[in-house]
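Below, each value reflects all heavy atoms present in this structure, side chains not excepted, and no hydrogens, waters or symmetry copies.
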Amino acid sequence: MAQRRTRRFFLAAENGKDMLKKLARRSGEEEFFTPVPKGYERGKQKYIFVTGSVMSGLGKGIFAASLGKLMQEQGYRISPIKFDGYLNVDAGTLNPFRHGEVFVLDDGLECDMDLGTYERMLDLDLSEANYLTGGRIFSRILTAERKGSYLGRDVQFIPHVTGEIKHFLRELAMKSKANIVIVEVGGTVGDIENQYFLEALREMMYEEGKENCCFINVTYILEPGFLGEQKSKAAQLGIRRLMELGIQPDAIACRCHNEATEKVKSKISIYSNVPLKNVISVHDVDSIYLIPEEIKGTGLDRNILEKLRLKHREVQSSKEWKGYIRRIKNPKKTITVGIIGKYTGLRDSYASVIKALEHSATHNQARISIKWIETTDIEEGKLTLKQAFDGIAGIIVPGGFGKRGAEGKVQCIRYARENNIPYLGLCYGFQMALVEFARNVLRLKDANSTEISNDTTHPVIDILPEQKKIEGLGANMRLGGRDIEVREGTRAWELYGKKTRIRERFRHRYECNPEYIGRFEKAGLVFSGKAPDHPIMQILELPSHRFFVGTQFHPEFTSRPLSPNPLYLGFVRACLAPK
Ligand code: GLN
């Protein structure tokens, strides 16, 4: 009966003009309120919903991206979307120490680091249509409510919030022309934050039909050291929470350190009504890029395509991908790179930097080992520069904000410059390299960035003119992809394949103060990249140094396994080259 009603509803939505008009409004009396974008055809696109149980941080994004990659290899067009339950409108104001790196898309959206995983694994450029937070949904709804768009109706979680979510997903499906939309729900089943989202997905399944949707739960298998045995109870209870919400998973991915045992998989299977063949082990491997082939080995991609009534094609990965995997598995050497930062306690704060290093190292058949250097330790004298640089082939000063740890970074940059140690400075690292050069080469003793000190006599880094009027902190930095003019004959020009125009992604408020450009250049520093229409300096290099490069942008955001970012490649090659 319910099925019939839904079908009727859909037919009306698709064919009836009046119904469409009604749906275009934000509400109506009908409880089936679910705004369907114009021209949407049910069944044309399929959906895979990925949720998590037991705990967060299981790598749902990596799993979802890997599954997507397998389907992409078979010729399906994939569009991923991540949902974050936070009330933040985007991820720009989230502290990377708590939440991991803030990733930036070409269109300027500041989002969760999982979008970086999707871009890298699927080799796609994503947009704001691929990320949705609770805050964004609610701000849309509240804006509409203030405009009177709900026509006197009480605005409710069901149908309005869930309706807004379903609309967002269907719009993505249509716009991206995806065959399969992969929806990852951040957090864990049972969190208050994502409950309305899970409800929206349950409704999606009901409205779209079972053959068009598939639920996968990524769960965690405990293996306490004191027992030396895998335990499935937490996973069982977590999955049960999902079922209590009316969602029957079609597959379970068991995240675990060692391969999940048959016993554990059978227990989960019987407890959750999921056929054993769809309960798979996703255990730890050396690199996330090995996960697609692990999943392929379980046959899960085939089973899911079958469930979605899509053809499974027996295909091989591309020659390039296979070569990449081969090199990951057989590294010839290891290089150690120092990352000088203040969030070094949480590796996730630098996720894209690490991945970009890995891409470049793999291309050179090398493995990267990271030495984390906490700048405040250097400032407080807990660590000498000599100790910090011990065993290191090169250093990176990544992006950063505020003044804590800045002086320690300046000291490290000086050491790298004076000792001919490869240096890559990213955004804040570009700015601190200029501060260091101004102080120690130009002899401007108290040179600084006005982000750090307002009363310096030499503000070599200053706030961008367009930033001066801005108040508040949300989504208002100089953000996203921009074109950069590269100067011919420079190292950057060589590395970017002699291109004079490139595009990279930015996230900053400060820049090299144009008044000092001449002095820097006179002293031998080369600005090899600048904004096309403004005197905003974007790449710096020291020609006399083995490798000393800074970028006002974040080259790590555009690095992909099969096309590593050229500056990272240059840096890694310099680290590998004999002195
Ligand atoms: N805090 C600096 C700025 O706003 C650098 C930002 C960054 O490293 N992303 O310009």
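Aromatic ring pairs are classed by plane angle as parallel below 30°, tilted from 30° to 60° and perpendicular above 60°; the pair Phe553 and Phe506 is perpendicular. Ring geometry for Phe557 versus His554: interplanar angle of 30 to 60°, hence tilted. In this pair, Tyr289 and Trp321 present their aromatic rings perpendicular. The plane angle is above 60°, beyond the 30 to 60° band.
Checking Arg42, Lys46, Arg170 one by one against Glu208, the salt bridge (charged side-chain N to carboxylate O under 4.0 Å, His left out) holds for a single residue, Arg170.
Side chain to side chain, His283 and Asn258 fail the donor-acceptor criterion of an N or O pair below 3.5 Å. Checked by atom type, the side-chain pair Gln72/Asp123 shows no donor-acceptor distance below 3.5 Å. In this model, no donor atom of one side chain and acceptor atom of the other lie less than 3.5 Å apart for Thr188 and Arg241. The closest side-chain donor-acceptor pair between Asp84 and Tyr131 falls under 3.5 angstrom. With hydrogens and angles left out, the side-chain atoms of Thr551 and Glu504 include no donor and acceptor closer than 3.5 Å. Side-chain contact of Gln316 with Lys322: a donor-acceptor pair under 3.5 Å is present, judged by distance alone.
Here the side chain of Lys307 pairs a donor or acceptor atom with the backbone of Cys213 at under 3.5 angstrom. Looking only at distances, a side-chain donor or acceptor of His160 sits under 3.5 Å from a matching main-chain atom of Gln156. With Glu119 contributing its side chain and Leu126 its backbone, the two residues share a donor-acceptor pair below 3.5 Å. No donor-acceptor pair under 3.5 Å is formed between the side chain of Ser349 and the backbone N or O of Gly100.
In this structure, the separation between CG on Leu242 and OG1 on Thr51 is 4.5 Å, given to the nearest 0.5 Å. Between the CD1 atom of Ile137 and the CD1 atom of Ile165 there is a distance of 4.0 Å, given to the nearest 0.5 Å. For the atom pair His363 NE2 and Tyr568 OH, the distance stands at 15.0 Å (nearest 0.5 Å). Distance check: Asn273 CG to Gln248 CD gives 4.5 Å after rounding to the nearest 0.5 Å. Considering CZ of Arg120 and NE2 of His359, their distance stands at 6.0 Å, rounded to 0.5 Å. Within the model, atoms SG of Cys256 and CG of Asp284 stand 7.5 Å from one another, a figure rounded to the nearest 0.5 Å.
Residues Asp112 and Tyr118 fail the side-chain proximity criterion, which asks for heavy atoms closer than 4.5 Å.
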So Glu73 and Lys69, salt bridge (Lys or Arg N to Asp or Glu O under 4.0 Å) or not? Walk me through it.
-> CA-CA 6 Å; Glu73 284 181 351; Lys69 169 143 185 71; 3.5 Å; yes

Residue pair Ser360, Asn565: steps toward the side-chain hydrogen bond (donor to acceptor under 3.5 Å, both in side chains) verdict = CA-CA 8 Å; Ser360 288; Asn565 181 279; over 6 Å; no

Decide yes or no on salt bridge (Lys or Arg N to Asp or Glu O under 4.0 Å) for Glu262 and Lys265, but give the supporting numbers first.
-> CA-CA 5 Å; Glu262 285 309 306; Lys265 287 195 286 185; 3.3 Å; yes

Step-by-step side-chain hydrogen bond (donor to acceptor under 3.5 Å, both in side chains) determination, Asn88 to Thr133 | CA-CA 7 Å; Asn88 306 64; Thr133 65; over 6 Å; no

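A salt bridge links Arg505 with Asp125; the closest basic N to acidic carboxylate O contact falls under 4.0 Å.
A 6.0 Å sphere centred on CD1 of Ile192 holds no more than 12 heavy atoms belonging to other residues, nucleotides or ligands.
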